[in-house]
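What follows is one structure encoded as structure tokens, with my remarks underneath.
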Amino acid sequence: LDLSLPVGRKGAGQQQQRGTPSSASRSMLSGASNMSEGRSRSETLNSTATDGSDGNGTTTIRRVDLSFEKVYAMKVLQKSEVEKRKQIGHTLDERDITSMCRHPYIVPLRYAFHTSDKLYMISDFCNGGELFFHLKKMRRFSEEMVFFYICQLGLALDYLHSKNVIFRDLKPENVLLDEHGNVKITDFGLAKLMRTPQDVPTTFCGTPEYLAPEMVLHRRQASGYGKG
């Protein structure tokens with residue numbers, strides 16, 4: 001299983017097997033060599049203290065600093081877990097989508113590489129944290145804040161749809177804030193890239209607490225759903 005993506009590349013690249021992570025670690029690392037612009041991926045990484053984790057304990061956040069003094073977020077996947085859970089196709093879809101998309105309100109993939117037992121995807125680090133954290137802290141957002149976030153999310157989703165991508169897991173935990181307070185959609189593990197008109201997704205997926213009514217109806221009626 002190879003996720004290799006040349007540094008600085010903006011396209012999805014060659015189509016290989018397909019897949020997504022079920023058990024993933026998100027890290028920020030320091031001391032990555034051979035990762036300056038225009039050079040190949042590095043497999044030498046030194047992680048620092050844990051900064052946080054998700055509610056299920058499957059995602060770990062660590063502070064990292066690359067050799068050219070810019071902080072990134074790194075998602076680390078165990079190849080054995082990806083293969084065991086039959087998530088190869090989803091993982092490669094995630095790599096293709098995030099390397100292809102360039103939008104101010106979407107977290108882009110900067111680098112992708114692998115070792116003998118792990119897959120790595122490096123993306124921009126958003127130091128504003130999750131929208132969920134701020135909503136929980138404030139209890140409720142003002143009407144102006146809601147308008148601001150919804151407008152940016154709408155623009156991001158419209159862009160994804162123009163690229164024939166269905167996100168499928170929109171929730172406050174998957175919306176980050178950057179240093180300026182703008183939203184950034186992240187975690188494309190459940191996203192679907194529709195390569196042909198016949199490629200209509202029918203998988204029932206998403207986070208139970210945030211499932212839309214049409215998703216529930218889809219499961220009951222065994223009907224498809226799409227971008228509309």
Side-chain angles (χ1 to χ4, degrees), residues 5 7-12 20-21 24-30 35 37 51-55 59-66 68-76 93-112 120-193 206-207 209-210 212 227:
L5 179 73
V7 173
R9 179 169 154 201
K10 295 185 178 180
T20 53
S25 310
R26 214 175 262 257
S27 309
M28 303 208 314
L29 304 180
S30 71
M35 295 191 68
E37 195 64 25
D51 189 47
S53 64
D54 70 359
T59 299
T60 302
I61 304 285
R62 301 186 183 208
R63 292 224 171 241
V64 308
D65 202 343
L66 298 183
F68 36 97
E69 299 180 351
K70 184 171 180 179
V71 178
Y72 288 89
M74 173 177 270
K75 190 172 191 175
V76 185
D93 266 350
E94 180 177 11
R95 189 280 310 269
D96 288 349
I97 292 169
T98 52
S99 64
M100 169 183 70
C101 292
R102 288 296 181 268
H103 191 274
Y105 305 137
I106 295 174
V107 176
L109 179 69
R110 297 300 184 185
Y111 312 98
Y120 299 88
M121 286 186 276
I122 299 179
S123 58
D124 290 352
F125 173 56
C126 297
N127 58 5
E130 296 176 356
L131 190 64
F132 178 80
F133 168 80
H134 297 283
L135 181 59
K136 185 176 180 180
K137 183 178 180 180
M138 297 177 65
R139 302 296 295 272
R140 67 177 65 183
F141 291 148
S142 67
E143 189 171 328
E144 291 78 11
M145 292 176 68
V146 172
F147 282 162
F148 179 75
Y149 294 143
I150 289 297
C151 287
Q152 292 189 341
L153 288 172
L155 290 171
L157 291 175
D158 182 65
Y159 172 82
L160 289 174
H161 292 173
S162 73
K163 298 293 185 181
N164 292 321
V165 173
I166 304 175
F167 186 61
R168 302 202 293 187
D169 198 21
L170 185 62
K171 57 185 179 180
E173 292 90 333
N174 286 344
V175 177
L176 303 177
L177 299 181
D178 65 14
E179 58 189 21
H180 304 294
N182 296 311
V183 304
K184 295 275 191 177
I185 293 179
T186 189
D187 195 350
F188 284 74
L190 293 180
K192 175 69 175 179
L193 177 58
T207 304
E209 293 85 352
Y210 301 106
K227 299 187 298 182

Heavy-atom pair with the smallest gap, counting every atom of Cys126 and Leu176: CB-CB, 3.8 Å

With sequence neighbours left out, what residues match Lys163 under side chain to side chain donor-acceptor pair (under 3.5 Å)? none

With rounding to the nearest 0.5 angstrom, report the NZ to CD1 distance, Lys192 to Ile166. 8.5 Å

CG-CG distance between Leu109 and Asp96, expressed to the nearest 0.5 angstrom: 9.5 Å

Please list, one pair per line, the donor and acceptor atoms closer than 3.5 Å that link side chains of residues 144-158 to other protein atoms, with sequence neighbours excluded.
{"from": "Gln152", "atom 1": "OE1", "to": "Val183", "atom 2": "N", "distance (Å)": "2.9"}
{"from": "Gln152", "atom 1": "NE2", "to": "Tyr105", "atom 2": "OH", "distance (Å)": "3.4"}
{"from": "Gln152", "atom 1": "NE2", "to": "Asn182", "atom 2": "OD1", "distance (Å)": "2.8"}

Considering residues at least two apart in sequence or located in another chain, which fulfil the side-chain contact (heavy atoms from CB on, under 4.5 Å) criterion with Pro172? Phe132, Tyr210

State, yes or no, whether a side-chain contact exists between Phe133 and Leu135 at a heavy-atom distance under 4.5 Å. no

Once salt bridge (Lys or Arg N to Asp or Glu O under 4.0 Å) is applied, do any residues pair with Lys184, and if so which ones, sequence neighbours excluded? none

Does His134 form a side chain to side chain contact (heavy atoms under 4.5 Å, CB included) with Phe141? I'd like the steps, not just the answer. CA-CA 9 Å; His134 297 283; Phe141 291 148; 4.3 Å; yes

Restricting to non-hydrogen atoms, name the atom on Ser99 and the atom on Arg95 that form the minimum distance, rounded to 0.1 Å. OG-O, 2.9 Å

Nearest heavy-atom pair of Phe167 and Thr186: which atoms, and what distance? CZ-O, 3.3 Å

Distance in Å, Lys171 NZ paired with Leu131 CG, rounded so as to fall on 0.5 Å steps: 13.0 Å

Heavy-atom closest contact (Tyr159 atom, Met100 atom, distance): OH-O, 4.0 Å

Walk me through it: do Thr98 and Val107 pass the test side chain to side chain contact (heavy atoms under 4.5 Å, CB included)? CA-CA 7 Å; Thr98 52; Val107 176; over 6 Å; no

Atom of Ile185, atom of Phe188 and distance for their closest heavy-atom approach: O-CE1, 3.8 Å

Considering residues at least two apart in sequence or located in another chain, which fulfil the side chain to side chain donor-acceptor pair (under 3.5 Å) criterion with Asp124? Arg110

Return the CZ to CG distance between Arg168 and Leu160, rounded to the nearest 0.5 Å. 13.0 Å

Heavy-atom pair of closest approach, residues Pro108 and Cys101: CB-O, 4.2 Å

Supply the atom-to-atom distance Leu190 CG to Asn174 CG, rounded to the nearest 0.5 angstrom. 8.5 Å

I'd like to know if Lys75 and Glu94 make a salt bridge, using a cut-off of under 4.0 Å between side-chain N and carboxylate O. yes

Step-by-step side chain to side chain contact (heavy atoms under 4.5 Å, CB included) determination, Tyr72 to Tyr111: CA-CA 10 Å; Tyr72 288 89; Tyr111 312 98; 4.1 Å; yes

